[in-house]
Amino acid sequence: MQTESSDSMKETVAELLQSALEALKSEGVLPSDQTFSPQVGNTKDKAHGDYACNIALVASKAAGCPPRQLAEDLIKRLPESGAVDKVEIAGPGFINFFMNTASAFEVVNTILEQANQYGRNQNGKGEKVQVEFVSANPTGPLHVGHGRGAAIGDCLCRLLGANGYQVTREFYYNDAGAQINNLALSVQARVKGLSPEDESWPDDGYRGDYILDVANAYLAGETVTADDREVTGKADPDDQAAIQEFAVAYLRREQDLDLKAFGVQFDVYFLESSLYEDGKVEAAVRQLNENGFTYEQDGAMWLKTTEFGDDKDRVMRKKDGGYTYFLPDVAYHLDKWQRGFSTVINEQGADHHSTITRVRAGLQALKAGIPEGWPDYVLHQMVMVTRSGQEVKISKRAGSYVTVRDLIDEVGRDATRFFLAARRVDSQLTFDIDLARSQTNENPVYYIQYAHARICSVLRKLEDEGVNRGRNESVGDLSLLTLQEEKDLANQLARYPELIENSANQREPHHLTHYLRELAGQFHTYYNAHKVLIEDTAVRDARVTLYLAVRQVIENGLDLLGVSAPEEM
RNA sequence: GCGCUCGUAGCUCAGCUGGAUAGAGCAUCGGCCUUCUAAGCCGGUGGUCGCAGGUUCGAGUCCUGCCGGGCGCGCCA
């Protein structure tokens with residue numbers, strides 16, 4: 001038997017409506033030269049059935065009759081279907097579909113069969129997608145903003161993977177330039193025994209305690225191994241180049257450790273300097289020149305970004321002959337395009353939003369066949385950290401900001417990831433340390449994990465009673481599930497695949513956190529209202545089967561968030 | 001000043017492509033542990049969806065203006 005997911009249930013309804021619409025067309029009630037595509041939506045209120053359609057409201061003008069009249073005509077022409085129990089007209093002309101209860105539970109078997117594949121689809125058809133995120137320069141530990149980027153970027157990658165895309169995670173950074181030079185000077189100052197309070201401490205030097213750690217490791221001749229490089233400290237206080245190389249490797253390693261602790265890994269580390277070494281920056285300049293989008297003025301070379309929507313032209317080569325940051329950025333993105341990524345998503349802090357127009361303009365000016373509006377950007381707003389209602393600004397290690405490591409140490413990886421991914425990216429986020437630490441229902445992470453642990457606990461109890469079930473073995477007769485809570489749960493489970501699709505397409509991972517919160521809530525309600533380990537083993541088995549499906553979806557969802565699903569708490 | 005963005009309950013936030021009486025949690029008030037994990041459940045209180053117009057059969061959602069917060073406006077990255 002063909003199992004049906006929510007999507008196909010919805011499609012069934014849409015097909016029924018389509019058929020009725022065609023009938024009205026052939027009868028001349030609706031104009032035959034127009035196409036009507038019925039939108040079938042989920043209902044908020046159970047009184048409105050399981051699905052609702054607004055087509056009668058949309059098409060009433062074309063039909064030249066009141067929406068309720070049109071709805072009635074449509075309903076009369078709906079083909080018979082076993083999946084639908086009842087159809088009603090409601091309000092101004094909505095058509096509400098009440099689905100057959102038994103068919104609502106078919107999703108349970110689908111989930112158990114598909115297991116960790118449930119909710120995944122092949123919409124992406126293996127298309128190559130690249131997501132660039134974090135991309136912190138190696139000048140210090142990752143801060144909360146990077147953490148938000150890591151949580152969002154990684155979740156986005158997982159979601160895209162679940163939608164059948166082939167995802168590459170990339171981290172772009174600069175190991176040369178002014179910031180890095182400043183880093184080297186700061187470490188060198190520490191190597192020579194200076195501290196930030198001393199008068200000869202470099203201007204704008206990095207003041208955090210971690211600089212001292214780097215200096216000590218350098219003097220001790222330590223070897224540091226990051227994901228993409230390995231350097232041994234030379235212990236020479238006067239060799240600034242050696243200090244710089246060591247410091248970069250040291251801080252890259254620190255960041256890698258933070259990211260590993262956070263459960264985030266990258267496929268590619270891309271160095272800005274490589275764009276110069278490979279001649280890609282020069283090649284981009286040549287192409288821009290050839291295409292006639294550059295000019296000299298005030299001793300600098302400018303790019304006519306205004307021809308591509310920017311509000312003023314931008315300097316690409318400075319008076320001193322060096323390039324501004326945005327030129328390697330353009331070369332970098334050309335390289336991404338040439339690597340075959342038809343979709344590229346850059347996850348960054350919103351403070352970088354001005355680069356979007358420039359990079360896109362530069363890419364258009366290259367005339368390389370790159371579509372306008374490429375690449376995509378996901379920009380997240382700032383994060384404020386609070387404790388006891390007060391903003392926390394200082395970390396001892398970093399000095400002037402709160403680090404990802406601080407949060408992981410204090411509230412754990414799961415809560416940190418969840419909280420940083422749980423808000424819309426374009427809203428500013430308040431990270432409440434007290435809330436993230438709390439172990440009650442006010443903390444959504446524990447709330448969701450607790451639902452999972454409870455299910456596992458019930459299964460353990462069942463095992464103690466000598467009843468062993470395969471991991472996803474469907475034993476119960478699902479027709480014994482007659483409670484409203486059970487149907488609600490099944491409907492929520494059925495929504496999951498659509499959610500995975502929407503979250504990825506809209507690049508909005510936070511939907512997942514809210515979905516899981518809701519699912520867990522429905523489960524807790526059900527759990528408290530009705531026991532599962534009851535005398536009636538037939539009903540018990542049916543309920544346990546539903547439990548298994550809930551557990552599977554919670555696991556699948558938490559996995560996409562990079563949050564663990566503990567079996568006991 | 002210009003650009004981007006946000007403005008929903010006392011607080012932190014949802015509200016997916018415009019849809020039917022705007023939802024959670026916290027806080028607050030009151031119930032539920034001899035019952036599968038109370039890290040839980042049930043109920044009450046609490047809203048002119050910043051303001052004003054517009055589009056629409058229908059607007060928290062789209063458009064315009066204003067007010068307020070954030071970010072950006074370097075030959076820094």
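In what follows, every chain begins at residue 1, and chains take the letters A, B, ... in the order their sequences are listed.
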Query raised in the report: Base, sugar-phosphate, or nothing for His48(A), non-hydrogen atoms under 4.0 angstrom?
Result: base

Requested in this report: Give Ser457(A) one of three labels, base, sugar-phosphate or nothing, depending on what nucleic acid heavy atoms sit under 4.0 Å from its own.
Outcome: base

Requested in this report: On RNA chain B, check which nucleotide each of Tyr547(A) and Val58(A) is closest to and give me the residue with the more 5' one.
Outcome: Val58(A)

Query raised in the report: Are Ser427(A) and U12(B) close enough that a side-chain N or O sits under 4.0 Å from OP1 or OP2?
Result: no

Report task. Using atom types as modelled and distance alone, determine if a side-chain donor or acceptor of Asp320(A) lies under 3.5 Å from a backbone N or O of Gly322(A). Result -> yes

Query raised in the report: Closest to the Tyr527(A) side chain: A38(B), A14(B), C57(B)?
Result: A38(B)

Requested in this report: Could you pick out which residue, Gly91(A) or Leu499(A), lies toward the 5' side of RNA chain B when each is mapped onto its nearest nucleotide?
Outcome: Leu499(A)

Query - Nearest-neighbour nucleotide for the Asn502(A) side chain, A20(B), C75(B), C16(B) considered - result: C16(B)

Query raised in the report: Is the NZ or CZ atom of Arg252(A) positioned over Tyr173(A)'s six-membered ring, under 6.0 angstrom from the centre and within 45° of the axis?
Result: yes

Query raised in the report: Which residues satisfy the side chain to side chain donor-acceptor pair (under 3.5 Å) test with Glu555(A), sequence neighbours excluded?
Result: His452(A), Arg471(A)

Taking only distance into account, with no hydrogens and no angle test, what donor-acceptor pairs under 3.5 Å do side-chain atoms of residues 54-67 of chain A form with protein atoms, sequence neighbours excluded?
none

Query raised in the report: Contact class for His530(A) vs. all strands (heavy atom < 4.0 Å): base, sugar-phosphate, or nothing?
Result: base

Report task. First locate atom CG of Leu499(A), then atom CD of Glu508(A), and finally report the distance between them rounded to the nearest 0.5 Å. Result -> 10.5 Å

Requested in this report: Among the candidates C13(B), U5(B), U17(B), find the nucleotide nearest to the side-chain atoms of Gln506(A).
Outcome: U17(B)

Query raised in the report: In B/S/- notation, 5' to 3', how is nucleotides 68-73 of chain B contacted by protein heavy atoms closer than 4.0 Å?
Result: -BSBSS

Query raised in the report: Taking the side chain of Tyr325(A) as heavy atoms from C-beta outward, which of A39(B), A77(B), U17(B) is closest to it?
Result: A77(B)

Report summary line: Closest to the side chain of Met569(A), out of A14(B), G19(B), A39(B), is A39(B)

Query raised in the report: Which base, if any, makes a Watson-Crick or G-U wobble pair with G53(B), both distances under 3.5 Å?
Result: C63(B)

Report task. When you get a sec, tell me which of A14(B), A77(B), A38(B) is the closest nucleotide to the side chain of Thr324(A)? Result -> A77(B)

Requested in this report: If the plane angle is over 60° it's perpendicular, under 30° parallel, otherwise tilted; pick one for His514(A) and His510(A).
Outcome: perpendicular

Report summary line: Ranking A14(B), C41(B), G19(B) by distance to the side chain of Arg424(A), first place goes to A14(B)

Query raised in the report: Side chain of Glu272(A): nearest nucleotide among C16(B), A77(B), A20(B)?
Result: A77(B)

Query - Sugar-phosphate only, base, or nothing, as touched by Ala529(A) at under 4.0 Å among non-hydrogen atoms - result: nothing

Query raised in the report: Quick one: which of C41(B), G25(B), C75(B) gets closest to the side chain of Lys319(A)?
Result: C75(B)

Requested in this report: Please determine, for G72(B), whether a Watson-Crick or G-U wobble partner exists with both distances under 3.5 Å, and give it or none.
Outcome: C2(B)

Requested in this report: Could you tell me whether the side chain of Val445(A) reaches within less than 4.5 Å of the side chain of Val411(A), counting heavy atoms only?
Outcome: no

Report task. Look at all strands and tell whether Asp298(A) reaches a base, only sugar-phosphate, or nothing, counting heavy atoms closer than 4.0 Å. Result -> base

Requested in this report: Measure from the ring center of His146(A) to the ring center of His143(A) and say whether it is less than 6.0 Å.
Outcome: yes

Report summary line: In Watson-Crick or G-U wobble terms, with both distances under 3.5 Å, the base opposite C32(B) is G40(B)

Query raised in the report: Is the distance from OP1 or OP2 of A22(B) to the nearest side-chain N or O of Lys44(A) less than 4.0 Å?
Result: no

Query raised in the report: Can a side chain N or O of Thr430(A) be found less than 4.0 Å away from OP1 or OP2 on C11(B)?
Result: no

Report task. Name the closest nucleotide to the Arg423(A) side chain, picking from U12(B), C6(B), C57(B). Result -> U12(B)

Report task. Would you please confirm or rule out a distance under 4.0 Å between OP1 or OP2 of G15(B) and any side-chain N or O of His510(A)? Result -> yes

Query raised in the report: How are the rings of Tyr547(A) and Tyr526(A) set relative to one another: parallel (under 30°), tilted (30 to 60°) or perpendicular (over 60°)?
Result: perpendicular

Report task. Would you please confirm or rule out a distance under 4.0 Å between OP1 or OP2 of C16(B) and any side-chain N or O of Tyr496(A)? Result -> no

